[in-house]
Amino acid sequence: MFDTTGGSRIPTVPASRVDLAVVGDLVPEGARVLDVGCGDGALLEWLEAAKHIDGHGIELSQAGVNASVARGLSVIQGDADADLRTYPDGGFDLVILSQTLQATNRPRHVLEELLRIGRRAIVSIPNFGHWRIRSQFFLWGRMPVTEDLPYSWYDTPNIHFCTIRDFVELVKEIDAEIVASFALDARGRKLSFKAPWWFWNLFGEQGVFVLEKRRR
Amino acid sequence: MDDTTAPTPPETGEAQRLHQADAPSSRVARFGDDRPLVLDAGITLSPWQIAYETYGELNATKSNAVLVCHALTGDQYVASTNPVTGKPGWWDLVVGPGLPIDTDRFFVICANVLGGCMGTTGPASTNPATGRVWGLDLPVVTIADMVRAQVALIDHLGIPDLFLVAGGSMGGMQVLQWASAWPDRVFAAAPIATAASHSAQNIAFYEVGRQAVMADPDWREGRYLDAGVQPRKGLAVARMAAHITYMSEVSLHSKFGRRLQNREALGYGFDGDFQIESYLRHQGSTFVDRFDANSYLYVSRAMDYFDLAADHGGVLAEAFRGTKTRFCVMSFTTDWAFPTRDSRTIVHALAAAGAKVSFAEIESDRGHDAFLLDEPEMHAILTGFIDAAARARGI
């Protein structure tokens, strides 16, 4: 099983990507890992140094690819919607999709692909059910803009927002199971494990899920 | 087998070029009957020779050797003055001190391809069996044959494996062939603006070029050198047709548009009214001065025959199964001769084979030729890739 109790050991994680630190703690030693939407490759580089993984990435932005290649990572310029299909079944021990699902065209398809090519997937999502977001919507009647989700509705890359509860439903629909999960508050601290779903959905700014295909 | 540097003869231009075919100004490795080259065509070539340049120093552990592979009309003078044209090396923006392929750190080798005309055995070389130039008596060569010749050279130099094999266009085909056929001898590979097979469109353009050469009365069934002539017009047309495919529509438009050449109004004739016509004619005529027409037939044919997937049961990923080589693949947005989808095909096959592969599509309006030009993004990625690979290899 994954160790989900370790604290943050990543020194240079930006505040808005606190999920990276938590994701890092879920990665087993020496795993073959694909990070979809790997940005500048900071997480993969850290995992290669700390967990001796065989790291691969997919990244849309030219700047991200440049930075990743300069770090010595194997990163393909591409996107989750188009490029996951080329990877063989079970080619990775772990596939990571960190804060990217909401920006894909077909989130359900992407999620299914993650579980086809990886024995396990770690997916983190911004929670659209968080109280700060709900309050902007209900009190002011405006599409929410927060520190973590700074885009206006007309220029956001995030086209498929969901809440933690929505995501849990989708996981059931695609016949996968959640083997570990937790919500993070605004400062990246884990919320209590004993808290019920409605509490996570209201107070978790991000949800982190470890998924596996359901075995029959 | 001997290894000599011939003194540069005094002639220039065409005479100089004909001299280079047998006695290049660069280094040359000659292989006798003890080291024949067995070709894909089923014919054994012997004796044969390969002309090459080197830059930088081989380190004590022989772990810093880089092989640069040239494109269709390139040569071994990757970063030094070409003895025929007097022009600087064809990739002197990439290979040199402090550049992405840093000659202060790496021992860089670049060899003229088999079938070429700058000192490696090709149709303009003398056939030792007859004392006359080979012409069309030379067996048709393939990309794999070119790489076999390079392997023999690397063996001759006592280099166990290459830190990096890099090249664009046909050079990239050789990079892929190296990585596929000798995976244990290639630590890192950079195939740029290339494809795992030549497209129908490219075969079509090169066929136009070959037909132009062969339709020239001075071609004389390939025996023009015996008669002291050259199919100049045919080869110039071949170059003009191919050159169009190396540029992008946007660069043609911005560089030339419909502007007229040295005149105020249309001439109502078939002189070169337009700047683009004048430019292409210039490209054609300068090319004829530096390249052999039969070499153009052979080397373009080698590109046409290249199909790495077909060599592996139709599955490109099989060409790279189990590879430990790390790859950096690059393409350019406006390249329609070797479009990004060709590079993606390579990348997807490498990913399916579980290889370490990086890929970037570089924004450029300069078409296929971009890989030869000042493209800072390409140079930055290549530098990052090479530096990281060097760290991984401990050099």
Side-chain angles (χ1 to χ4, degrees), chain A residues 30-42 44-49 52-96 113-114 116-119, chain B residues 100 164 187-190 192 315-318 320-333 340-341 343-364 375-395:
Chain A
R32 190 173 150 78
V33 178
L34 177 67
D35 185 359
V36 183
C38 66
D40 64 3
L44 281 175
E45 186 182 45
W46 183 84
L47 290 172
E48 286 201 337
H52 309 104
I53 63 152
D54 175 13
H56 299 252
I58 297 178
E59 170 58 28
L60 198 54
S61 77
Q62 178 94 73
V65 172
N66 290 9
S68 298
V69 173
R71 290 179 199 262
L73 300 168
S74 300
V75 172
I76 292 172
Q77 191 173 17
D79 67 70
D81 285 306
D83 290 292
L84 291 177
R85 66 180 168 80
T86 61
Y87 291 93
D89 295 359
F92 293 93
D93 298 313
L94 186 66
V95 182
I96 299 170
E113 284 289 88
L114 297 184
R116 179 184 65 78
I117 64 182
R119 292 196 301 106
Chain B
L164 171 71
F187 186 79
I192 301 168
V315 181
L316 186 57
E318 290 296 321
F320 305 110
R321 178 181 278 278
T323 185
K324 300 264 194 298
T325 304
R326 50 184 68 209
F327 292 82
C328 183
V329 181
M330 280 185 271
S331 67
F332 297 91
T333 47
T340 290
R341 67 171 174 275
S343 284
R344 285 207 182 272
T345 299
I346 297 165
V347 170
H348 291 157
L350 286 166
K356 288 182 186 296
V357 53
S358 291
F359 167 67
E361 182 187 32
I362 311 294
E363 285 276 353
S364 168
E375 290 285 345
E377 282 291 301
M378 177 193 110
H379 298 170
I381 289 179
L382 201 54
T383 300
F385 173 71
I386 292 170
D387 287 353
R391 285 198 302 277
R393 192 166 160 100
I395 56 175

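Please read these numbers as outputs of a predicted model, since none were measured by experiment. Throughout, protein chains are lettered first and strands after them, A, B, ... in sequence-line order, and every chain is numbered starting at 1. Just so it is clear, the values below take in all heavy atoms, side chains as well, and ignore hydrogens, waters and symmetry mates.
Ring-centre distance between A:Phe92 and A:His56: below the 6.0 Å cut-off.
Ion pairing between a basic and an acidic side chain is recognised when a charged N comes within 4.0 Å of a carboxylate O; A:Arg32 and A:Asp93 show no such pairing.
Counting heavy-atom neighbours within 6.0 Å of B:Arg321 CZ, excluding the residue itself, gives a total of 12 or less.
Residue B:Ala392: no heavy atom, backbone or side chain, is found under 4.5 Å from chain A. For a residue to count as touching a neighbouring chain, one of its non-hydrogen atoms must lie under 4.5 Å from one of that chain's; by this rule A:Val69 touches chain B with backbone and side chain alike. For a residue to count as touching a neighbouring chain, one of its non-hydrogen atoms must lie under 4.5 Å from one of that chain's; by this rule A:Arg71 touches chain B with the backbone only. Neither the backbone nor the side chain of B:Ile386 comes within contact range of chain A; no heavy atoms are under 4.5 Å apart. There is no contact between B:Ala349 and chain A, counting heavy-atom distances below 4.5 Å. Residue B:Ala360 touches chain A through both its backbone and its side chain, counting heavy-atom pairs closer than 4.5 Å.
For the set A:Asp54, A:Val65, A:Thr86, the entry with the most heavy-atom pairs within less than 4.5 Å of chain B is A:Thr86. For the set B:Ile362, B:Asp387, B:Ile381, the entry with the most heavy-atom pairs within less than 4.5 Å of chain A is B:Ile381.
What you find for A:Glu113 and A:Leu84 is that their closest heavy atoms are OE2-C, 3.6 Å. Residues A:Leu73 and A:Gly41 share a closest heavy-atom pair of CD1-O, 3.4 Å.
The shortest side-chain heavy-atom distance between A:Ile53 and A:Leu44 falls under the 4.5 Å cut-off.
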